[in-house]
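For reference, the structure is listed below as C-alpha cells.
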There are 4 protein chains.
Amino acid sequence: MINYTDKQFQILKTAEELFALKGFDGTSVRDIADEAGVNVSMISYYFRSKEKLMEALFEYRMGHIIMRVETLLKDNLMGPLQKVNVLIDDHIERVMDRQKFYRILFCEQILNKNPMIIEIVNNYKKRNIAIITELIKDGQKKEVFKKKVDVVMMLNTMIGTVAQTMVSLDYYKDAHNLQDMPDAEFATLVKRKLSIHIKTLFKAILTYEA
Amino acid sequence: MINYTDKQFQILKTAEELFALKGFDGTSVRDIADEAGVNVSMISYYFRSKEKLMEALFEYRMGHIIMRVETLLKDNLMGPLQKVNVLIDDHIERVMDRQKFYRILFCEQILNKNPMIIEIVNNYKKRNIAIITELIKDGQKKEVFKKKVDVVMMLNTMIGTVAQTMVSLDYYKDAHNLQDMPDAEFATLVKRKLSIHIKTLFKAILTYEA
Amino acid sequence: MINYTDKQFQILKTAEELFALKGFDGTSVRDIADEAGVNVSMISYYFRSKEKLMEALFEYRMGHIIMRVETLLKDNLMGPLQKVNVLIDDHIERVMDRQKFYRILFCEQILNKNPMIIEIVNNYKKRNIAIITELIKDGQKKEVFKKKVDVVMMLNTMIGTVAQTMVSLDYYKDAHNLQDMPDAEFATLVKRKLSIHIKTLFKAILTYEA
Amino acid sequence: MINYTDKQFQILKTAEELFALKGFDGTSVRDIADEAGVNVSMISYYFRSKEKLMEALFEYRMGHIIMRVETLLKDNLMGPLQKVNVLIDDHIERVMDRQKFYRILFCEQILNKNPMIIEIVNNYKKRNIAIITELIKDGQKKEVFKKKVDVVMMLNTMIGTVAQTMVSLDYYKDAHNLQDMPDAEFATLVKRKLSIHIKTLFKAILTYEA
DNA sequence: CATGAATGAGTCTTCATTCAT
DNA sequence: AATGAATGAAGACTCATTCAT
C-alpha cells in the first residue's frame, strides 16, 4: 500500500469523482488537474499516465476493502446465517458509502478493457466466493442451510441488487417524492430497505426447502 | 420506428458492438466507420452526430423491446405467479440475447450523462413497475401473493442479478472450466440457471409468509 | 445577360441574402440550398461551383446597374450641377435599395480575392470616373465648376459616405431611438439626409472658391 | 492591456495579415499556424479559439487606438477648426498605417456577425461622436462653426472616404501609372491628398453658410 | 433533365504526454 | 522535486463537389 502525499491523494480523489461522473474516457487529465487545483503535468509526473492513475485508484480502494472483509468472519460467536447477514450489511455499507468508486468499478467490469483492473476485480470475486462457500459449507454441516446452494448466483443477486439500487437512487427519490429528505437520512433508509430485502432473499435460498 | 437502409443498419450494428466493447467515449466515429466499412462522414450524414447515433441505437432497440412486453400479459389463462415467471424469462431472454446493447444501457445508466437516454430508460422502468404492480395487485386480490411486496426492490433484484451474471460470464466460464462448451449451449445453461434462481427468489418474496 | 429559371433565380437571391449576412466563406452551399428549398447538388449543377455562383450574382446585379446609369446623363436640359446631383441621388438610391448586394460588393472589394469580381468592380469604377470626368469638364467649360477638381477623391467620398452610412444603419437607429419607425420611412429619411449631405459637399468642392 | 509573448504576438500579427487578406472565415487556423511558424494547437492553447484570437486582435489594436485619441484634444492652444484638422489627420494616419487591421474592421462591420466586435466598434464610434460633438459645440460657442452640423454624417464621410480610398489603392496606382513609385512615397502622397480633400469638405460643412 | 447518396479533404478543437527549466 | 510551455496525434464534424440513376 503506497503512501500518498496530500497532493497525490487530492488528485486520486478528484479522479474518482470525475471518472464516476463522466467515465474514464469522458474525463480528461486536464479536467482532473483543474478540479484538483494542480498543474496538468503533475498527473503524468506522479502517476505516469492516466491509465496508471486509474489503476492506482483501484489499488487504493480495493486494498482498503479487502482488509475490512478479512477479519469479519473469524468471529466464532456468530452462527452461519448471522455471518451471512453481516456479510450482506457489510457489502451494502461499502457500496453505498463508496458509490463513486463502485460506479467506476461497475463500468469497468462491463467494458472490461483494462486487464489489470479485471484481474483486481476477479481476485476480489474469487476471494468472496471462497469465503462464502466456506461459510455455507459450515452452515450445511450444522444443518442450518439446505444442501443445494448456488453460491455464484447468490453473490450475483447481492451485488447486482445493490448495484441496481444504487444507480436507480435518483429515480427512486423522484418516484417517492423524497427530494427534500436529507441525504444522510435517505441513505439510511435505502440501506435498511436493501438489508431487509437481501436478507429475506438469502434466507429463502439458504434455509427454506423449495 | 424509422426504417434503416442496409448501410445505416450496418453502422448502427457496428456502433452497438464498439460502444459495448469500449464505451461511448472510448469509441471514435472513425473506429465505427472503419469497422463498418463506410466513410467517416457517412455517420454524420446519416445520424447527424455521434450522440444522435447513440440515441438512434437506443430508440431502435428500446422500441423493439417495448413492443414485445406489451402483448405478454394480456393472456387470461395464466395465473399471477405464472405471469411473473413469464416476465422473468422474458427479461432474461432479452438481456442475454442483446448483451451488447444492455452493456451500453447499464453503462449509460451508471454515468447518466445523456438526459435523452436517461429518459428512455426511466420510461421503460416506469412501465415495468406499472405492469408488475398491476400483476401483483391482481395476485393479492386472488390471495396468491402476500400483502407486503416491495416492487421496486424486486425489480432491482431481477435486473441486477441478470446484469451481474452477464458481466461475469467470462469469469464464470473460467471458474467452471467451460471454455470448450459451445456458446449456444453455455447461453442456454446460464439462462436456465438464472431462470430457476430468480423464480425461486420471487416465489419466496411473493408467496411465502416471512 | 443570362435568363434564369425560377429555381435558378431563387438560388441566386438566396445566395445574395446569405453572402450579405455571413460572407462568402461563412456561407455553405448547403445553407443556400436549404434556405432556397432546393437540393444541394442543384447549385453545382446550375452554376458549376460556389465561386461561379458568386460571379453569376455579380454579373446579374452589375448588369442591371450599368444599364440604368447609361441613359441618365444624355439629357440635355439639365445643367452640370443638376446632373451631378442626379448622379448622387441615383447612387444613394441604388445602394440603399440593394443593400445586401452592396454589402457583398464592399466585402469583396476589401478582400479582393476573386480577380473576376475585382475586374467587374474596376470596370464599373472606370466607367463612373469617365462619366463624371466628362460631366465636370463640361461644367468647367461652362464655368460653373472651378478648375481644380479631384474626381477620384470626390467619388471616394460619395461611395464611402453612402457605404459607411449603410453599415451604420443599426447603430444610427439605436442612437436616435428610431426602433419603432417603419423601415420604409426610415430608409427615406436616411436617403434624404445622405442626399442633402453629399450634395452640399460636392457643391463646395465643385463651385465655391476655396 | 495584455502583454503578449513573442510567439503570441507573432500569431496575432499573422492572423491580422491573413484575416485582412482572406477574411476570417476564409482563413484557417492551420494557415495562421503555418505562416506564423508555430504548431496548430498553439492557437487554441494561447487564445482558446479562432474567434477569441480575432477578439484578442481587436482588443489589442483598438486599445492602442483609443489611448492615442484621448490626449489629442486636451490642447488649449489650438482653435476648434485646427483641432478638427488634427483629428482628420490622425484618422488618416491611423487607417493608412494599419490598413490590414482596418480591412478586417470594415469587413466585420459589414457582416456584423460577432457581437463582441460590434460592441467594440460601436463603443469606439460613440466615443468619437462624443468627442467631435464636444469640439463642434465649442466651435459654435466661439462662432467659428455654423449652427446646424450633422456630426454623424460628417464622421461617415471621413471614415467612408478614407476607407474607400484605402480599398481603391491598387486601382488608383494603376490608374495613375504609379506602379514604380516607392510604397512609402505613395502612402505619403495619398495621405496628403486625403488630408487636403477631407479638410476642404469639413471646412465647407462647418464654416461656410449654405 | 434533375437529384439523393456519397465522399475525401478539410474544418476547429482537445487530447495525453513530454520537455526544458 | 515540480512546473508551465509546448506538441503531434487524434477528436468530431462540415465542406464543396461528384456520381449513378
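Numbers restart at 1 for each chain; the letters A, B, ... are given by sequence-line order, proteins then strands.
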C/Lys50 charged N/C atom sitting above C/Phe24 aromatic ring, 6.0 Å / 45°: yes

In Å, rounded to the nearest 0.5 Å, how long is the span from [atom1] of [X] to [atom2] of [Y]?
{"X": "D/Leu57", "Y": "D/Lys13", "atom1": "CG", "atom2": "NZ", "answer": "12.5 Å"}
{"X": "C/Met54", "Y": "C/Lys113", "atom1": "CE", "atom2": "NZ", "answer": "8.5 Å"}
{"X": "A/Leu21", "Y": "A/Leu18", "atom1": "CG", "atom2": "CG", "answer": "6.5 Å"}
{"X": "B/Phe9", "Y": "B/Asn3", "atom1": "CZ", "atom2": "CG", "answer": "10.5 Å"}

Does a side-chain N-to-carboxylate-O contact under 4.0 Å join [X] and [Y]?
{"X": "B/Asp31", "Y": "B/Lys22", "value": "yes"}
{"X": "A/Glu17", "Y": "A/Lys100", "value": "yes"}
{"X": "B/Glu16", "Y": "B/Arg61", "value": "yes"}

Which of the following nucleotides, [options], is nearest to the side chain of [X]?
{"X": "B/Lys50", "options": "E/dA16, E/dT13, F/dA12", "value": "F/dA12"}
{"X": "A/Arg30", "options": "E/dA16, E/dG4, F/dT17", "value": "E/dA16"}
{"X": "B/Ser28", "options": "F/dA12, F/dT17, E/dC12", "value": "F/dA12"}
{"X": "D/Ser41", "options": "F/dT17, F/dG4, F/dA9", "value": "F/dA9"}
{"X": "A/Tyr45", "options": "E/dT7, F/dA1, F/dG4", "value": "F/dA1"}

Positions of residues 5-21 of chain A (non-hydrogen atom under 4.0 Å from DNA chain E), listed by number: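 Residues of residues 5-21 of chain A under 4.0 Å from DNA chain E: none.
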
Atom-pair distance ([atom1] on [X]; [atom2] on [N]), nearest Å:
{"X": "C/Glu51", "N": "F/dT17", "atom1": "CD", "atom2": "P", "answer": "8 Å"}
{"X": "A/Lys52", "N": "E/dT18", "atom1": "NZ", "atom2": "C1'", "answer": "17 Å"}
{"X": "B/Leu53", "N": "F/dG11", "atom1": "CG", "atom2": "P", "answer": "16 Å"}
{"X": "B/Met42", "N": "E/dA9", "atom1": "CE", "atom2": "C1'", "answer": "15 Å"}
{"X": "D/Met54", "N": "E/dT13", "atom1": "CE", "atom2": "C1'", "answer": "18 Å"}
{"X": "D/Ile43", "N": "E/dT14", "atom1": "CD1", "atom2": "P", "answer": "13 Å"}
{"X": "A/Ile32", "N": "E/dT17", "atom1": "CD1", "atom2": "P", "answer": "10 Å"}
{"X": "D/Phe24", "N": "E/dC12", "atom1": "CZ", "atom2": "C1'", "answer": "10 Å"}

A/Asn39 vs A/Asp31, nearer the 5' end of DNA chain E by closest nucleotide: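 Counting from the 5' end, the first nearest nucleotide belongs to A/Asp31.
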
Main-chain N/O of D/Thr5 paired with D/Gln8 side-chain donor or acceptor, under 3.5 Å: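 Confirmed, D/Gln8 side chain pairs with D/Thr5 backbone.
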
C/Glu108 (side chain) donor-acceptor with C/Leu105 (main chain) under 3.5 angstrom: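 No, C/Glu108 side chain to C/Leu105 backbone: no donor-acceptor pair under 3.5 Å.
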
Sugar-phosphate only, base, or nothing, as touched by A/Tyr46 at under 4.0 Å among non-hydrogen atoms: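 The answer is sugar-phosphate, as A/Tyr46 gets under 4.0 Å only of primed atoms, P, OP1 or OP2.
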
Secondary-structure stems for DNA chain F, with pairs counted as Watson-Crick or G-U when both distances are under 3.5 Å and runs at least 3 long: E:2-21 with F:2-21

